[in-house]
Amino acid sequence: PEILIRYFSYFTIDTNIIVAICCSILLVNPTSALGRFFSRPQTQTAICIYILVVGIVYNLILRFLWAPEGLQKAVDELLHSVIPVLFLLYWFLFVPKNSLQWRQVFPWLIYPFAYTVLVLIRGSFSGFYPYPFIDVNQLGLNKALLNAGGLTLVFLVISLLFIAIAKGMSTGKRVTA
């Protein structure tokens with residue numbers, strides 16, 4: 001049981017499962033209740049932000065902490081690079097953007113916030129923290145919370161950027177960085 005719990009303690013795994021569920025339901029049963037939920041532009045945008053942050057954090061911070069080989073390397077690239085890029089392309093090409101609103105950003109922060117709270121609570125009992133930047137054993141609680149706050153800020157900034165891009169695309173204006 002502990003192996004399974006630890007496996008599903010990774011934001012990467014959880015978020016890739018969400019992407020897989022979203023894409024599968026949209027392909028197989030888009031008119032179901034879940035299909036309608038996953039068809040909503042705000043839902044697809046939130047998922048895109050989550051998987052994009054997976055790719056960004058891994059490739060900027062975590063990639064250099066280990067060297068997977070063989071099949072693990074292929075899976076690693078799929079989960080952290082290929083799927084984030086493909087879902088980002090999907091978002092740009094197929095997700096309607098005209099209904100996205102600034103106020104939707106804050107509900108999008110619930111999943112990463114809840115994930116962090118659960119990982120910190122579970123880690124306080126088990127001693128296991130899936131990522132080094134929130135490892136209370138190594139960093140102390142204050143530094144881990146500061147890092148978690150910084151990551152929340154990353155989610156917020158990227159969410160705001162997506163809304164700005166969506167608004168620019170839906171009105172025909174060019175958005176420049």
Side-chain angles (χ1 to χ4, degrees), residues 7-63 73-120 130-131 133-134 147-177:
Y7 181 76
F8 290 106
S9 293
Y10 288 92
F11 191 81
T12 295
I13 300 300
D14 301 340
T15 304
N16 273 280
I17 289 171
I18 292 169
V19 169
I21 291 169
C22 173
C23 293
S24 297
I25 289 174
L26 290 176
L27 181 66
V28 174
N29 199 358
T31 59
S32 67
L34 277 175
R36 288 188 302 276
F37 171 75
F38 284 115
S39 294
R40 294 171 38 197
Q42 57 267 37
T43 302
Q44 293 180 357
T45 302
I47 293 169
C48 189
I49 292 162
Y50 304 148
I51 197 67
L52 187 61
V53 171
V54 163
I56 290 169
V57 169
Y58 180 79
N59 284 291
L60 291 180
I61 299 170
L62 301 172
R63 175 177 289 281
K73 183 175 176 92
V75 170
D76 189 67
E77 289 302 322
L78 280 170
L79 294 177
H80 297 106
S81 300
V82 175
I83 291 171
V85 168
L86 289 177
F87 205 85
L88 180 62
L89 285 173
Y90 168 79
W91 185 84
F92 269 110
L93 296 174
F94 300 109
V95 174
K97 295 162 190 66
N98 56 347
S99 67
L100 295 175
Q101 301 294 320
W102 296 107
R103 68 178 182 272
Q104 294 165 333
V105 166
F106 294 105
W108 296 346
L109 299 175
I110 293 171
Y111 165 55
F113 179 77
Y115 167 84
T116 303
V117 169
L118 290 173
V119 164
L120 290 173
Y131 297 105
F133 48 82
I134 57 169
N147 289 345
L151 200 50
T152 300
L153 189 59
V154 168
F155 276 103
L156 177 62
V157 168
I158 291 174
S159 297
L160 293 170
L161 180 63
F162 266 68
I163 296 293
I165 290 168
K167 290 200 171 293
M169 290 177 77
S170 65
T171 61
K173 296 177 189 170
R174 292 191 78 172
V175 176
T176 57

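Just so it is clear, the structure is predicted and the values come from calculations on it, not from any experiment.
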[X] versus [Y]: any side-chain heavy-atom pair under 4.5 Å?
X      : Y      : answer
Thr31  : Asn29  : yes
Val19  : Tyr50  : no
Arg63  : Ser81  : yes
Leu160 : Trp102 : yes
Leu26  : Tyr90  : yes
Val54  : Leu79  : no
Ile47  : Thr43  : yes
Leu156 : Phe106 : yes

Chi angles and distances behind the side-chain contact (heavy atoms from CB on, under 4.5 Å) call for Ile163, Gln101: CA-CA 7 Å; Ile163 296 293; Gln101 301 294 320; 5.9 Å; no
Looking at residues at least two apart in the chain, or sitting in another chain, which of them share a ring pair (Phe, Tyr, Trp, His ring centres under 6.0 Å) with Tyr10? Tyr131
Dump the intermediate steps for side-chain contact (heavy atoms from CB on, under 4.5 Å) on Ile25 and Phe37, then the final yes or no. CA-CA 10 Å; Ile25 289 174; Phe37 171 75; over 6 Å; no
Quick one, Leu151 with Val57, criterion side-chain contact (heavy atoms from CB on, under 4.5 Å). Give me CA distance, side-chain angles, the key distance, then yes/no. CA-CA 9 Å; Leu151 200 50; Val57 169; 3.7 Å; yes
Gap separating the [atom1] atom of [X] from the [atom2] atom of [Y], nearest 0.5 angstrom:
X      : Y      : atom1 : atom2 : result
Asn147 : Thr152 : CG    : OG1   : 10.5 Å
Ile21  : Asn16  : CD1   : CG    : 11.0 Å
Cys22  : Ile17  : SG    : CD1   : 14.0 Å

Please evaluate residues Phe162 and Trp91 with respect to the criterion ring pair (Phe, Tyr, Trp, His ring centres under 6.0 Å), reporting the C-alpha separation (whole Å), side-chain torsions for both, the decisive distance (0.1 Å), and the verdict. CA-CA 10 Å; Phe162 266 68; Trp91 185 84; 4.6 Å; yes
Taking only residues two or more places apart in sequence or in another chain, which ones pass side chain to side chain donor-acceptor pair (under 3.5 Å) with Asp76?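 Checked Asp76 against side chain to side chain donor-acceptor pair (under 3.5 Å); matches are Tyr58, His80.
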Could you tell me whether a side-chain N or O of Lys167 sits under 3.5 Å from a main-chain N or O of Leu100, the two making a donor and an acceptor? yes
Describe, in one word, how the ring planes of Phe11 and Tyr111 are oriented to each other, choosing from parallel (under 30°), tilted (30 to 60°) and perpendicular (over 60°).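 Because their plane-to-plane angle is under 30°, the rings of Phe11 and Tyr111 count as parallel.
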